[in-house]
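Okay, structure first, notes after.
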Amino acid sequence: MDELKKFHEASPKTQFSCLDCSKPFGLISDNEKLYAHYIGQASFDGALICYLQTSPESPKIFALFIAMFTKHKVSDLKSKCLEAGVTEDQFTAFLAYTSTFFANAGNYRSFGDTKIVPSNTEEEFQAIVKACEDEKISTLYDDCKELMFSLEQNVRTLGFKPSGITTYYSSNCTVEDAKTAQKFMDAEGLSPYNTRLFKNDDGKLIVRIAAAEEKKGPVGDNISVEYGDYAPIMSRISDSLLKAKQHAANDNQRAMLDRYVASFNTGSIDEHKQGSRFWIRDIGPTVESYIGFIESYQDPFGVRGEWEGFVAIVDKDTSTTFAKLVDGAEELLALMPWPKTMEKDKFLKPDFTSLDVLSFGSSGIPLGINIPNYDDVRQNDGFKNVSLGNVLKAKFVFSESEKVTFLTDADQAMYKEYVLKAFDVQVGLHELLGHGSGKTLCETSPGQFNFDKATTINPLTEKPVESWYGPGETYDGRFADLSSPMEECRAETVGIFLCTSMAALKIFGYTDETEGKKIIYINWLHMCRAGITALEFYSPEKGGRKGWGQAHMMARFAILQMLLEAGEGLVKVVKDDKEGTQVILDQDKIMTVGMKAVSQFLLKMQIYKATADVDAAIKMFEHYTAVKEDMLELRNEVISKRKPRSLLVQPVTKLTDDGKGVELVTYDNSAAGLIESSVARWAHCAQDLIDCAAKEASFHRKRD
C-alpha cells in the first residue's frame, strides 16, 4: 500500500514556474487589456466546470480550500499550524497537495487521469484543518476527507465503473448506456461535446446539455434531454463575454462573441460552430482566444468535451516563422505518404501564431493547439493553430548537473541543447500539418458524397474504398475512446515524418545541414524517450488498450513500439548495469529504416481515419499499445525515476478602481503563489460550483 500511495501522492518536491506574460501585456492597448481581462474571466469562471467533470469530491475539496485560504493567507496559516505542532515538512506536503489540486482543477491528474492524494496522513491533515479554528472549515473537511484519501481500486483512475470513476456520467452509467445515448443523439442531430449523461434509479437516461437556460429537450425511448447543466456558471460566462464584446477590435470578434453567448445560453453547438467560423476569419488579432467544450481526453467514452478557455497575446516575431510554415504547407503536404484523394480538396490556409498565454482556464495547459475540433468546420471553413510560447519555455529547463533519464551519456549534452528547438519544430508540424491534414470520406447527405466512389482507391487494398462516414457521423463519434489517441498519434507521426525534410527545417531557420541533422535526431530521440516515460501513464490493473490514461502518451508508446518493430538496429532499449535502461537511436538509419516504417504507419492511420475503418484501427492500436512483460518491468523503473510535473503559476488580471483599466497581478513561483492566484480568481464565484455540485449529488452517490 505504501508504494501505491506514493504513486498517487502530490509530491512535496514539485517545482513551480511562473507563466510570464508581463512584457507582451505591457505592450497592448488599454482597450485590448479590457478585452483580454473579460475573456480571461469567462475562461476561468468556466473552469469551475472541470471540477464538476472530474469526481464527486472535487467540488467539496475546492470548497474546503477556498474557505481555508479566504480566511487565512498562506503565510498566516503556516504560522498558526507551526504553533499548533504541525512540522514544516507536513505543511509543505499540505501545500503541495492543495496547489496540485488547483492546477489540475480537481483531484485527478489532467495528464494521466490518476487520482491525486495528500502525502500527509489523515491525522496530519486534520491538525492543519483544526489550526484554522473554524467550525465551517472543519465541517467541509469532514464531508470530503474519506473520498480525498481513498485509494480503493475503483477510484484510482478516471473511467467507467467498476475500474474507474467519472462525473461525465452518473455513478450507475455504463459503456452500453453511453452507446445508447450516442445513437439517440446522432438521430436527433445533437453533439455530445457539451453534454453529460446521467441515469435515474428507474433506468431512464438523461442527456444533460450545458446551458444557462433550463428547459426540456427531445424525448426518446427511455431517454430524454435536459438543458441547463452548469446553469449559473454558464450564465456567468456569458455575462463576461458580453462585457468583452464592448472592447472587441472588429466585427468578426463581435459576431464571434454573440454566437458564443447564444451557444452558452441555449446549449446549441451549432451556435458555437458559427462562433468558431467567425473566429477563424479573425486573422492575426493582437489578442487571441478560444473558449468552450473542446477536448475529450478525460471522457472515458471519448466524445464529451472538457471546458477550456484561454486568452493570449501574439508574439509577432515568432509568428512570422509560423506564417512561413503555412505558406509552405501545400509543398509539405505533397510529401505525405497518401494519395491526393485522401487529402482535403483544398488546403484552407489557417492563421498560425505563437502566443504568450495570459489566462488559461482548464485542468491543464497544452503546448500547442489546433482548433476547432468540429470536422465539418475544419474541412469546409478551416482552422487555426497556436503554439504557446511561454508554456514551451517553462517546460524545458535543465540544470547543468541534471541527468536526463533513459538517455546515454553520449546523448545528454546534445539533447539539452536541442530539445527545445526540436520540440518547437515538432509542435509546429504536429499542429498545422498533423491535425490539419487528411480528408475524411463522407456521405454528406443521403446519396451525396464528398468523394468519387468509383475512382477513390484505398492504397492499402488497391481497391475502391468500401467504407465511409454516413450522414451526420463524425470521426469522434465513430472512433469513440480511440479517437483522441489515434489522432494524436497521427499528428505526432506527421511531426517526425516531416521534420526530416530540409524544406520544413529551413522554414524554422535551420538552413545548415549539420544543424538540421541534429534537430532531426533529437526530435526522433525525444519521441523514443517519450515512449518509455509514457509507461507511467499505463495502468496494469485495467490492462490492454483501456489501461492507457493519457491520449498523447498512448500515442507516443505506439510510435516507440512501431520503431522497435522496424528492426535493423534502428532503435534499441538496452539495460546498463550502472545507469539502468537507456534508449539508443541509430542516427544513420533514420532516413532509411526509420522513414520506411513511419511512412507505412502514417499511411495506415490516415486511411483508417478517412474510411471510418474502426475495426482495423483498433486491431493496429491494440497491437502497438499492448504492454508486455518486459515493458511492465520497465514501467517499474519509469515510476521509480519519475519526477513530478512542474506546475505553472498563472497571473491574474483585475480591474483598476475606476473600472477603466486592467492591472496584471503576478505571484511567486511556489505552491503558495499558485494557491493565492487560484483563490484570487475563484473566490468570488465559488458558490456557483458548490450549488451545482449539491444539485447533482444524488447522481454520484456510492452504489453497490
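These numbers come from the heavy atoms of this one structure, side chains and all, not from hydrogens, waters or symmetry mates.
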Please lay out, stage by stage, how Thr341 and Ile457 fare under the test side-chain contact (heavy atoms from CB on, under 4.5 Å). CA-CA 8 Å; Thr341 52; Ile457 304 298; over 6 Å; no

For [X] versus [Y], what's the shortest heavy-atom pair and its separation?
{"X": "Ser263", "Y": "Ser268", "answer": "OG-O, 2.8 Å"}
{"X": "Asp424", "Y": "Phe508", "answer": "O-CE2, 3.9 Å"}
{"X": "Ser484", "Y": "Ser296", "answer": "OG-OG, 3.4 Å"}
{"X": "Val357", "Y": "Ala312", "answer": "CA-CB, 3.7 Å"}
{"X": "Leu332", "Y": "Ser501", "answer": "CD2-OG, 3.9 Å"}
{"X": "Tyr168", "Y": "Arg196", "answer": "O-CB, 3.2 Å"}

Between [Y] and [X], is there a side-chain heavy-atom distance shorter than 4.5 Å?
{"X": "Pro366", "Y": "Ile369", "answer": "yes"}
{"X": "Pro350", "Y": "Leu432", "answer": "yes"}
{"X": "Phe557", "Y": "Met631", "answer": "yes"}
{"X": "Val386", "Y": "Leu388", "answer": "yes"}
{"X": "Cys50", "Y": "Ser362", "answer": "yes"}
{"X": "Phe310", "Y": "Ile291", "answer": "no"}
{"X": "Pro337", "Y": "Phe497", "answer": "yes"}
{"X": "Val494", "Y": "Met336", "answer": "yes"}

When you measure from the centre of the six-membered ring of [Y], is the NZ or CZ of [X] under 6.0 Å away and within 45° of the axis?
{"X": "Arg378", "Y": "Phe383", "answer": "yes"}
{"X": "Arg109", "Y": "Phe111", "answer": "no"}
{"X": "Lys609", "Y": "Tyr475", "answer": "yes"}

Is the closest basic N to carboxylate O distance between Lys215 and Glu226 below 4.0 Å? no

Decide, yes or no, whether a salt bridge links Lys273 with Asp381 under the criterion of side-chain N to carboxylate O below 4.0 Å. no

Does any donor atom in the side chain of [X] or [Y] lie under 3.5 Å from an acceptor atom in the other side chain?
{"X": "Lys546", "Y": "Ser163", "result": "no"}
{"X": "His623", "Y": "Gln561", "result": "no"}
{"X": "Asp375", "Y": "Tyr469", "result": "no"}
{"X": "Trp338", "Y": "Glu343", "result": "yes"}
{"X": "Thr174", "Y": "Asp177", "result": "yes"}
{"X": "Gln426", "Y": "Asn523", "result": "yes"}
{"X": "Gln550", "Y": "Asp113", "result": "no"}
{"X": "Tyr297", "Y": "Glu488", "result": "yes"}
{"X": "Ser363", "Y": "Glu306", "result": "yes"}
{"X": "Tyr227", "Y": "Arg208", "result": "no"}
{"X": "Trp279", "Y": "Gln274", "result": "no"}
{"X": "Asn385", "Y": "Asp351", "result": "no"}

Given the rule in the side-chain hydrogen bond (donor to acceptor under 3.5 Å, both in side chains) test, do Asn458 and Glu466 qualify, once you have shown the distances and angles that lead to the verdict? CA-CA 8 Å; Asn458 182 332; Glu466 298 177 346; over 6 Å; no

Donor-acceptor contact below 3.5 Å, side chain [X] vs main chain [Y]:
{"X": "Asp282", "Y": "Asn252", "answer": "no"}
{"X": "Ser483", "Y": "Phe479", "answer": "no"}
{"X": "Gln53", "Y": "Gly305", "answer": "yes"}
{"X": "Asn373", "Y": "Ile294", "answer": "yes"}

Could you tell me whether His435 and Phe352 have their ring centroids closer than 6.0 angstrom? no

Verify the ring-centre separation between Phe449 and Phe451: is it less than 6.0 angstrom? yes

Stepwise, does the side-chain hydrogen bond (donor to acceptor under 3.5 Å, both in side chains) test hold for Glu213 with Asn265? CA-CA 6 Å; Glu213 300 169 4; Asn265 284 342; 4.8 Å; no

Residue pairs passing the side-chain hydrogen bond (donor to acceptor under 3.5 Å, both in side chains) test with at least one member in residues 183-193, sequence neighbours excluded, are Gln182-Asp186, Tyr193-Asp476

Tyr538 meets the ring pair (Phe, Tyr, Trp, His ring centres under 6.0 Å) criterion, sequence neighbours left out, with Trp548

Pairing residues for Phe601 by the ring pair (Phe, Tyr, Trp, His ring centres under 6.0 Å) criterion, not counting sequence neighbours: Tyr624

Checking Arg556 now: which residues fulfil salt bridge (charged side-chain N to carboxylate O under 4.0 Å, His left out) with it, not counting sequence neighbours? Glu492

Mind running ring-ring contact (aromatic ring centres under 6.0 Å, His included) on Tyr290 and His272 for me, showing each step along the way? CA-CA 11 Å; Tyr290 197 64; His272 196 267; 5.8 Å; yes

Passing option when Tyr169 is tested against Lys199, Arg304, Lys161 for side-chain hydrogen bond (donor to acceptor under 3.5 Å, both in side chains): Arg304

The test is side-chain contact (heavy atoms from CB on, under 4.5 Å); show your working for Ile206 and Ile223 and say whether it passes. CA-CA 6 Å; Ile206 306 169; Ile223 187 169; over 6 Å; no

Is it true that, when you exclude Asp452 itself, more than 12 heavy atoms of the residues, nucleotides or ligands shown sit nearer than 6.0 Å to its CG? yes

Quick check on Lys344: does its NZ atom have over 12 non-hydrogen neighbours (other residues, nucleotides or ligands) under 6.0 Å away? yes

Start with the C-alpha gap between Val219 and Val225, add the side-chain angles, then the distance that decides, and say whether side-chain contact (heavy atoms from CB on, under 4.5 Å) holds. CA-CA 6 Å; Val219 177; Val225 174; over 6 Å; no

Between Cys528 and Leu563, does a side-chain contact (heavy atoms from CB on, under 4.5 Å) hold up when you go through it step by step? CA-CA 8 Å; Cys528 293; Leu563 293 173; 3.9 Å; yes

Side-chain donor/acceptor pairs under 3.5 Å, residues 610-621, sequence neighbours excluded:
unit_1 : atom_1 : unit_2 : atom_2 : d
Thr611 : OG1    : Ile607 : O      : 2.7
Asp613 : OD1    : Ala616 : N      : 3.3

Sort and list the pairs that fulfil salt bridge (charged side-chain N to carboxylate O under 4.0 Å, His left out) and have at least one residue in residues 250-262, not counting sequence neighbours. Lys245-Asp258, Asp251-Arg254, Arg259-Glu271

Please work out which of the three classes, parallel, tilted or perpendicular, describes the rings of Phe264 and Phe293, given edges at 30° and 60°. perpendicular

